[in-house]
Amino acid sequence: NMKVAVVGATGLVGTKILQVLAERNFPVTELIPVASARSVGKEVSFNGKQYKVVSMEDGIAAKPAVAIFSAGGTTSLEWAPKYAAAGIRVIDNSSAWRMDPTKKLVVPEVNASVLTADDMIIANPNCSTIQMVVALQPLHAKYTIKRVVVSTYQSVTGTGKQAVDQLMNERAGKSLSAQDMAYKYQIDLNAIPQIDVFLENGYTKEEMKMVKETCKIMQDDSIKVTATTVRIPVMGGHSESVNVEFEKEFEMKDVVTALTAAPGVIVQQDDATQFYPMPLWAHEKDEVFVGRLRRDETQAKTLNMWIVSDNLRKGAATNAVQIAEYLAAKNII
């Protein structure tokens with residue numbers, strides 16, 4: 001009896017979670033779509049059926065085995081402990097619990113083994129971190145990563161529906177009021193070098209998420225990470241230029257072999273045919289795509305790589321569902 005609640009079921013990521021649960025044939029015997037008061041009574045579609053959205057309280061009363069949250073940090077801080085106290089396993093997509101030392105931060109291909117039956121609230125990492133660590137983990141195991149320099153090129157879907165609407169309205173030549181805009185600046189034909197708010201050190205919150213989450217997921221605080229995160233006018237997924245310095249020397253053919261064999265990774269590399277990962281091709285796929293692999297000729301034991309993944313799927317919904325799949329396979333739920 002696998003009752004599953006999706007909290008934030010009417011949002012961009014919540015809708016994607018429903019889609020991924022259906023596509024991956026997760027054994028849902030009863031779906032409980034949950035959302036804020038203003039969405040209660042609306043209907044969502046799942047596996048060809050319509051389900052009425054219920055309140056946060058009714059979601060708890062329904063006693064699901066697992067609740068996948070995608071309703072923002074404030075909601076999660078208030079409600080995830082209440083669900084957990086009722087014996088409901090929570091997988092949370094917000095930033096609320098990621099750096100809590102008592103909570104596990106999980107990317108199944110990297111560190112699913114840290115999960116136990118005692119983990120009632122499990123954090124889903126930031127989208128840009130997820131795709132990077134999936135690609136880095138097999139290389140870290142082989143060569144030991146010292147330092148990562150990453151620049152991201154992130155989809156407007158990472159901000160939400162208002163950002164998608166802003167981009168498409170700008171592209172259509174419509175004039176927008178400040179209330180219509182998800183970003184302070186025009187996003188069409190532009191690149192905005194700010195994702196989330198600025199912190200005292202001059203980095204944005206998104207950049208520091210990548211720094212801190214990478215070490216926690218890969219269980220190695222010695223890895224140095226520095227990031228620059230940029231929003232660009234695309235919708236298929238996030239792209240990342242990653243420069244990785246290792247402790248050990250490597251051969252390029254062995255790097256390709258390790259990445260090709262890694263779970264969840266697809267290598268797309270053929271310079272002769274100009275074949276490399278792009279958001280256009282990653283859209284609606286669950287894998288992390290890696291290409292433009294080349295040695296950094298300015299520094300020893302250092303690799304350049306290009307990583308692309310659909311941020312709504314592997315960067316959010318799919319990763320959360322994969323965590324639920326792992327819990328089910330281990331009879332934790």
Side-chain angles (χ1 to χ4, degrees), residues 8 11-14 16-17 20 68-77 80 90-101 103-112 114 121-137 148-160 163 182 192-199 201 203-221 223-232 237-242 264 279 282 286 288 307-323:
L12 209 56
V13 175
K16 192 61 67 175
I17 290 168
V20 171
I68 304 177
F69 271 59
S70 187
T74 303
T75 299
S76 180
L77 284 170
V90 173
I91 301 168
D92 181 54
N93 265 297
S94 80
S95 61
W97 306 101
R98 290 175 186 159
M99 296 315 298
D100 184 325
K103 305 293 184 289
K104 307 289 175 56
L105 184 65
V106 176
V107 177
E109 294 92 338
V110 179
N111 68 333
V114 300
I121 298 176
I122 301 161
N124 208 43
N126 184 47
C127 47
S128 49
T129 307
I130 289 174
Q131 67 187 68
M132 186 171 76
V133 298
V134 168
L136 291 182
Q137 177 61 23
V148 177
V149 181
V150 54
S151 296
T152 72
Y153 307 80
Q154 295 182 219
S155 164
V156 293
T157 56
T159 307
I192 301 174
Q194 176 191 354
I195 298 180
D196 215 320
V197 297
F198 283 106
L199 304 174
N201 63 357
Y203 287 81
T204 66
K205 200 171 179 182
E206 180 86 355
E207 289 159 356
M208 294 312 298
K209 284 177 187 176
M210 294 193 75
V211 171
K212 294 174 182 176
E213 291 179 21
T214 298
C215 294
K216 183 172 180 179
I217 297 162
M218 298 182 76
Q219 302 174 73
D220 190 341
D221 288 336
I223 299 173
K224 295 177 181 176
V225 181
T226 187
T228 301
T229 57
V230 182
R231 191 71 68 188
I232 62 170
H238 292 348
S239 304
E240 298 172 346
S241 170
V242 182
D286 288 330
V288 172
I307 304 169
V308 179
S309 191
D310 186 320
N311 56 293
L312 291 184
R313 291 187 68 103
K314 183 54 184 168
T318 301
N319 198 74
V321 172
Q322 286 176 309
I323 293 171

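- Checking side-chain atoms of Lys216 against main-chain N and O of Arg98 turns up a donor-acceptor pair under 3.5 Å.
- Distance alone, capped at 3.5 Å, places no donor-acceptor pair between the Lys314 side chain and the Gln131 backbone.
- A donor-acceptor pair is defined here as one N or O able to donate and one able to accept, closer than 3.5 Å; such a pair exists between the side chain of Thr75 and the backbone of Ala71.
- Considering only heavy atoms from C-beta on, Val308 stays 4.5 Å or farther from His238 through its side chain.
- By the 4.5 Å heavy-atom criterion applied to side chains, Ile68 and Asn93 are counted as neighbours.
- Between the side chain of Asn111 and the backbone N or O of Val107, at least one donor-acceptor pair lies under 3.5 Å.
- By the 4.5 Å heavy-atom criterion applied to side chains, Val13 and Leu312 are counted as neighbours.
- The shortest distance between side-chain heavy atoms of Glu240 and Ser151 does not fall below 4.5 Å.
- For the residue pair Thr228 / Tyr203, no side-chain donor-acceptor distance below 3.5 Å is found, with atom types taken as modelled.
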Note to self: Evaluate Leu77 against Trp97 for side-chain contact (heavy atoms from CB on, under 4.5 Å), listing each step before the verdict.
What the structure shows: CA-CA 8 Å; Leu77 284 170; Trp97 306 101; 4.0 Å; yes

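- Side-chain contact between Thr152 and Val150 is present, with at least one heavy-atom pair separated by less than 4.5 Å.
- The backbone N or O of Gly264 lies less than 3.5 Å from no partner atom in the side chain of Glu109, so there is not a single donor-acceptor pair.
- No side-chain donor from either of Thr204 and Asp196 sits under 3.5 Å from a side-chain acceptor of the other.
- Of the inter-residue distances, the one linking Asp92 atom CG with Ile323 atom CD1 reads 10.0 Å to the nearest 0.5 angstrom.
- The minimum heavy-atom distance between Ser155 and Gly237, with the atom names listed, is CB-O, 3.5 Å.
- Checked by atom type, the side-chain pair Asn311/Thr157 shows a donor-acceptor distance below 3.5 Å.
- In this structure, Asn124 and Val106 have side chains that are not in contact, with every pair of non-hydrogen atoms separated by 4.5 Å or more.
- In summary, Arg313 and Asp310 do not engage in a salt bridge, as defined by a charged side-chain N under 4.0 Å from a carboxylate O.
- For Ala80 against Val90, the heavy-atom pair with the smallest separation is O-CG2, 3.8 Å.
- A distance-only check finds no donor-acceptor pair linking the side chain of Thr129 to the backbone of Pro125 [under 3.5 Å].
- Under 3.5 Å, the side chains of Glu206 and Gln194 contain no donor-acceptor pair of N or O atoms.
- Using a 4.5 Å heavy-atom cutoff, the side chains of Val148 and Thr226 are not in contact.
- Counting heavy atoms from C-beta on, the side chains of Asn201 and Met208 come closer than 4.5 Å.
- The two residues Ser239 and Pro279 come nearest to each other via the heavy atoms OG-CG, 3.4 Å.
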